[in-house]
Amino acid sequence: MSTETPASAEPSRQPALPALDPVIHAQPRLRVTVTLATLADGDQITFPRLQELAGMTAGNLATHLRKLEDAGYVRVTKAYRSRTPVTWLSLTTAGRLALEEYAAALRTLLASARPGSGSAASKEWSEGTSPSAFIPPNIRQEHIDG
Amino acid sequence: MDDLNALGPPQPVAAGEELAPQELLELIRTQHEAAARDLYVDPARILVSWGVAWTLGFGAFYFASPRARWHFLPLWAAAAVLVTLSAVAVAGVVTQMARRGRGVQGPSRTVGARYGWSWLLAFAGVFALNIGLSQHGLPASLAPLLWPGSAAVVAGVLYLAGGVLFADRVQYGLGAWMLAVGAGSVQAGWPANFAVLALAGGGGFLAAAVFILARARRARPQP
């Protein structure tokens, strides 16, 4: 699991700043991606519930979901539950990875913005938002085949 | 935590470009925490409700026992306290699971539902066993030892399982503790067993809730 960008691995004193994923680098889509990443691996959520958790209007959410789906970050599954159509949404592996890399890039930017004194703060951040932070608190290790 | 609400409601436009990296990381953290709070049951709240039910419920049974040092409650009152508080605790768990699991499906929900049914099945099994023992001549004087003691052991086993299932050290520790409480209560004999169940059993639930809250506080980064 790489939390370091290739740029920061270079021996150079001033590493190239990492580029931020433009798909996620928009507040509404970041909110949606983080919310979906909070679900346990393999879980799916309905459109209205995601709307509620992300605090967005239906139209707004639909627009951003389409962009996330086009990028391959979100999986959209249409199903029927007692003759009512239900849209199930989940993050793809690529989406989860993209969010982790985005957070890692932010931490690199933060560390480079205040070199020296900033390293302690960035270390705390990296603990607070490490990839394991995106795994729900009550489903940490186990994977039971349902 | 100082600027938890500083970000305000979600922006209707793509405003990510305007935020500094630190603000974006803060947004990731707060949104993740808020979503997790809404999606997952709060174990501390469940543990507190059971801690209260055990402390007051079995405490009431102690005060309803004729041979207790302080005996001032009728038996029906003690039973009413325990049954009512247990029902409140069960209702709390069920509503929490239903409310937070709304609109979500997948492996974690299956695991959670199976774990919930395990409690019902396990208690039905052990209570059926206790009834069977009484039908086959177990002295009625042993019932006040057998029923709560076996309930504590079953709860202990289920918390051990919960600790394994959710990789939670606190739940596992509580499970081991409740096994000791169940066995110890029978060793103490009637009516001291009710004091053991109320203090060590109910106290165990409350202590586990405190551990979980302290752990959640520690896990939060200090910006």
Side-chain angles (χ1 to χ4, degrees), chain A residues 20 22 24-31 33-50 52-57 60 64 86 88 90 99 102-103 105-111 113 121 124-129 133-134 136-146, chain B residues 7-43 100-115 162 164-169 171 212 215-216 218-223:
Chain A
L20 292 172
I24 300 183
H25 192 57
Q27 245 195 75
R29 289 199 289 278
L30 182 58
R31 265 177 206 282
T33 310
V34 171
T35 307
L36 288 173
T38 310
L39 293 174
D41 232 359
D43 280 4
Q44 299 174 302
I45 191 166
T46 60
F47 186 94
R49 187 80 207 279
L50 177 61
E52 188 187 303
L53 290 171
M56 293 165 73
T57 64
N60 200 14
H64 289 296
V86 184
W88 292 103
S90 60
L99 178 60
Y102 180 78
L106 287 177
R107 286 192 293 272
T108 308
L109 283 174
L110 194 63
E124 277 178 22
W125 274 113
S126 70
E127 279 162 17
T129 49
F134 295 115
N138 59 348
I139 316 282
R140 226 161 248 148
Q141 283 175 9
E142 98 298 347
H143 273 288
I144 283 85
D145 299 309
Chain B
L7 294 162
Q11 302 299 309
V13 291
E17 292 78 11
E18 294 156 23
L19 291 180
Q22 174 136 21
E23 292 171 308
L24 286 163
L25 282 168
E26 180 71 6
L27 185 144
I28 290 174
R29 189 172 68 79
T30 52
Q31 179 64 26
H32 173 66
E33 283 183 2
R37 245 193 328 269
D38 282 0
L39 281 166
Y40 297 102
V41 293
D42 177 2
R100 307 203 179 188
R102 243 176 334 117
V104 178
Q105 70 169 16
S108 83
R109 296 293 150 186
T110 313
V111 168
R114 276 185 204 159
Y115 184 57
V164 173
L165 198 57
F166 304 117
D168 184 351
R169 202 179 300 173
Q171 275 194 61
I212 284 176
R215 183 177 61 189
R218 266 201 315 279
R220 187 167 294 153
Q222 310 294 323

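Owing to the predicted nature of the structure, the values given are computational and were not obtained by experimental measurement.
- Distance check, rounded to the nearest 0.5 Å: CG of L24(B) to CZ of R107(A) gives 12.5 Å.
- Contact count against chain A (heavy-atom pairs under 4.5 Å) is highest for G103(B) among G112(B), G103(B), A34(B).
- Chain A forms the most heavy-atom pairs under 4.5 Å with one residue out of G106(B), P43(B), A216(B), and that residue is G106(B).
- Between atom OG1 of residue T33(A) and atom NE2 of residue H32(B) there is a gap of 13.5 Å, rounded to the nearest 0.5 Å.
- Once rounded to the nearest 0.5 Å, the distance linking CG of L39(B) with OG1 of T35(A) reads 8.5 Å.
- The residue among Q31(B), Q171(B), Q105(B) with the most heavy atom pairs within less than 4.5 Å of chain A is Q105(B).
- Taking CG of L106(A) as the start and CD of E26(B) as the end, the distance is 12.0 Å to the nearest 0.5 Å.
- A pairwise comparison of heavy atoms in A103(A) and L25(B) identifies O-CD2, 3.9 Å as the closest pair.
- Put simply, the side chain of R49(A) gets close to the backbone of R102(B): a donor and an acceptor are under 3.5 Å apart.
- Heavy-atom distances place both the backbone and the side chain of D38(B) under 4.5 Å from chain A.
- Remark: L27(B) CG to Q27(A) CD distance equals 5.0 Å, nearest 0.5 Å.
- Smallest separation of non-hydrogen atoms from P107(B) and D41(A): CG-O, 3.9 Å.
- Heavy-atom minimum distance, T38(A) versus Y40(B): O-OH, 2.9 Å.
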